[in-house]
Amino acid sequence: MEQRPKKLLEQVQDVIRLKHYSYQTEKTYIYWIRRYILFHNKRHPSYMGSTEIETFLTHLAVHENVAASTPNQALHAVLRKRSPSDFNEGDRIHNHSLECDGVTQERS
């Protein structure tokens, strides 16, 4: 039986666990990455850029009245997961096919 490629959020979990980040950090990163993807109608983060990040953060600040630290936390998570190699500067994991639960890989 052929093993399916790991989905994006599974790759995030693997990298976070490899780096021994806390479980709470893992949950927080996954939460913000998922919200970012859903906010942009399930587009894959590797096909989005600074405009989409700015739109998401502006939405959080203006429409959801979140605390000042919340957009910073969301930005940190989203910036690290636009692709597997973006998780940490200089860190590299194999460039697997990126798939996320229900996320299409549309080209913008």
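Model, not experiment: these values are computed from the prediction.
- A donor-acceptor contact closer than 3.5 angstrom links the side chains of Arg35 and Tyr31.
- Residues Tyr36 and Pro45 approach most closely at CE2-CB, 4.2 Å, considering heavy atoms.
- Residue pairs satisfying the salt bridge (charged side-chain N to carboxylate O under 4.0 Å, His left out) criterion with at least one member in residues 66-79, sequence neighbours excluded, are absent.
- Qualifying side chain to side chain contact (heavy atoms under 4.5 Å, CB included) partners for Gln24, counting only residues two or more places apart in sequence or in other chains: Ser22, Lys27, Thr28.
- Atom-to-atom distance recorded for Glu52:CD and His40:NE2 is 5.5 Å, nearest 0.5 angstrom.
- Every residue two or more places apart in sequence or in another chain was checked for a salt bridge (charged side-chain N to carboxylate O under 4.0 Å, His left out) with Glu54, and none qualifies.
- Nearest heavy atoms, Ala74 versus Leu57: CB-CD2, 4.1 Å.
- With contacts defined as side-chain heavy-atom distances shorter than 4.5 Å, the pair His44/Leu8 qualifies.
- Applying the side chain to side chain donor-acceptor pair (under 3.5 Å) criterion to Gln13, with sequence neighbours excluded, gives Glu26.
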I would like to know whether Trp32 and Ile37 meet side chain to side chain contact (heavy atoms under 4.5 Å, CB included); could you show each step before the answer? CA-CA 9 Å; Trp32 284 115; Ile37 291 169; over 6 Å; no
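- In this structure, the side chains of Met48 and Ile53 stay at 4.5 Å or more apart for every pair of heavy atoms.
- Under the 4.5 Å side-chain criterion, counting only non-hydrogen atoms from C-beta, Val15 is not in contact with Tyr29.
- Annotation: ring-ring contact (aromatic ring centres under 6.0 Å, His included) contacts of Phe39 (sequence neighbours excluded): Phe56, His59.
- Here the closest heavy-atom approach between residue Ile30 and residue Leu9 is recorded as CD1-O, 3.7 Å.
- Every residue two or more places apart in sequence or in another chain that forms a side chain to side chain contact (heavy atoms under 4.5 Å, CB included) with Thr51 is listed here: Thr55.
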